[in-house]
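Each ligand, and each atom within it, is numbered from 1 in the order the structure gives.
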Amino acid sequence: MASLTDHLADLVADVDAVLLFSPTSSFYEPFADDGTEVVVVAPDNDVDAETFVELPLPFDNVKDRIRFGIEGAMDADLLAEGDEVACVASVFDGGSDAVVRVTVDEGIHTGIYDLFANSRAEPSVIRDVFEVAIELGKKGQKGKPVGALFVVGDAGKVMNKSRPLSYNPFEKSHVHVGDPIVNVMLKEFSRLDGAFVVSDSGKIVSAYRYLEPAAEGVDIPKGLGARHMAGGAITRDTNATAIVLSESDGLVRAFKAGELVLEIDPEEY
Ligand SMILES: Nc1ncnc2c1ncn2[C@@H]1O[C@H](COP(=O)(O)OP(=O)(O)OP(=O)(O)O)[C@@H](O)[C@H]1O
Ligand SMILES: [Mn+2]
């Protein structure tokens, strides 16, 4: 057993910080006065940790959970590029049962933590829309690349700054993103022009909206066209978040407050 114990000791040797994912109080307390920097990452700060990073969603996938925790800790200036961290998490349901050592690098910091945690719409709504965009980007529509523009949150204001291009198929419906049937509809309608408007709670308010935000002063990367310009600009005029799939380069981008905050290749997500 000596070699296993040695190996485990190596795994946590010289770390700059320990991230405890949803620890119980009895697990957390011995760490609290241990000397190393301890960060509790969880949906709520149930253990009254001094240093706490909120997980906007529970994340069943442990890799996602760890990435979000690290990104959240980077946003809070608790971790920086080059830091070595030991992440203690629960993979099964039996409490903290796994240790994962991670070297923090800027590649982990995609902007997704801020997007999920600090958008006006609910984190699960942002996630569901984001997943539709990623899936559309991976598969396209019947094998052909498609573009799509989703404007999420602050829907009343977004509707005031846009006009219909065609009849709204969601006019009298009460459907929400995340429902499997709705995802099929969103993909189907993505072949047509304009934007989808989604409320803070995930209700699909409209398809086929032509956005008419004031575009002056919006600083989006060169080479992106009208869809991205409109998506970026509407987030400066309102508190919405825009999630845009580009038909031409296949990337998914997100805009908040008029700025590009995330750029992801669906094939690598
Ligand atoms: N103001 C707008 N509001 C809603 N949708 C728009 C707006 N402007 C353009 N679009 C949609 O974006 C589509 C693509 O336009 P364009 O090629 O100029 O955008 P783009 O930013 O280059 O996006 P892509 O990378 O997908 O080509 C249009 O066919 C239209 O459906
Ligand atoms: Mn284009």
Legend entry - Distance filter under 4.0 Å to Arg209 heavy atoms, resulting ligand 1 atoms: 3 (N), 4 (C)

Inset, instruction - Report yes or no: does Asp128 contribute a side-chain atom to a donor-acceptor pair with the main-chain N or O of Gly202 at less than 3.5 Å? - result: no

Legend entry - Passing candidate, side chain to side chain contact (heavy atoms under 4.5 Å, CB included) with Phe150, options Val244, Val177, Leu186: Leu186

Legend entry - Short N or O distance, Ala226 and ligand 1, threshold 3.5 Å exclusive: yes

Inset, instruction - Taking only heavy atoms of Tyr210 into account, list the atoms of ligand 1 that are under 4.0 Å away from them. - result: 1 (N), 2 (C), 3 (N), 4 (C), 7 (C)

Legend entry - Expected output: side-chain Arg65 to main-chain Phe59 donor-acceptor under 3.5 Å: yes

Legend entry - Per-atom contact, atom 21 (O) of ligand 1, protein heavy atoms, under 4.0 angstrom: yes

Inset, instruction - For Glu212 and ligand 1, answer yes if some heavy atom of the residue is under 4.0 Å from a ligand atom, otherwise no. - result: no

Inset, instruction - Among all protein heavy atoms, pick out the one at the shortest distance from atom 31 (O) of ligand 1; state its residue, atom name and that distance to 0.1 Å. - result: Asp193 OD1, 2.7 Å

Inset, instruction - Just jot down the side-chain hydrogen bond (donor to acceptor under 3.5 Å, both in side chains) partners of Thr235, sequence neighbours excluded, or say none. - result: none

Legend entry - Proximity to ligand 1 by part of Ala230, non-hydrogen separation under 4.0 Å: side chain

Legend entry - Distance, nearest 0.5 Å, that separates CG of Asp75 from CD1 of Ile70: 12.5 Å

Legend entry - Same apolar cluster (I L V M F W Y, side chains within < 4.5 Å links), Val261/Leu149: no

Inset, instruction - For the pair Arg209 (side chain) and Phe196 (backbone), establish whether a donor and an acceptor sit closer than 3.5 Å, ignoring hydrogens and angles. - result: no

Inset, instruction - Return a yes/no value for Gly194: is any of its N or O atoms, backbone included, closer than 3.5 angstrom to an N or O of ligand 1? - result: yes

Legend entry - Arg253, Glu247, Met229, Arg227: member with heavy atom nearest to atom 23 (O) of ligand 1: Arg227

Legend entry - Top protein contact for atom 3 (N) of ligand 1, by heavy-atom distance: Leu211 N, 2.9 Å

Inset, instruction - State plainly whether the residues Glu71 and Arg67 are in salt-bridge range, i.e. N to O under 4.0 Å. - result: no

Legend entry - Closest protein heavy atom (residue, atom, distance) for atom 24 (P) of ligand 1: Ser248 OG, 3.5 Å

Legend entry - Numbered atoms and elements of ligand 1 in range of Gly225, under 4.0 angstrom, heavy atoms: 18 (O), 19 (O), 20 (P), 21 (O), 22 (O)

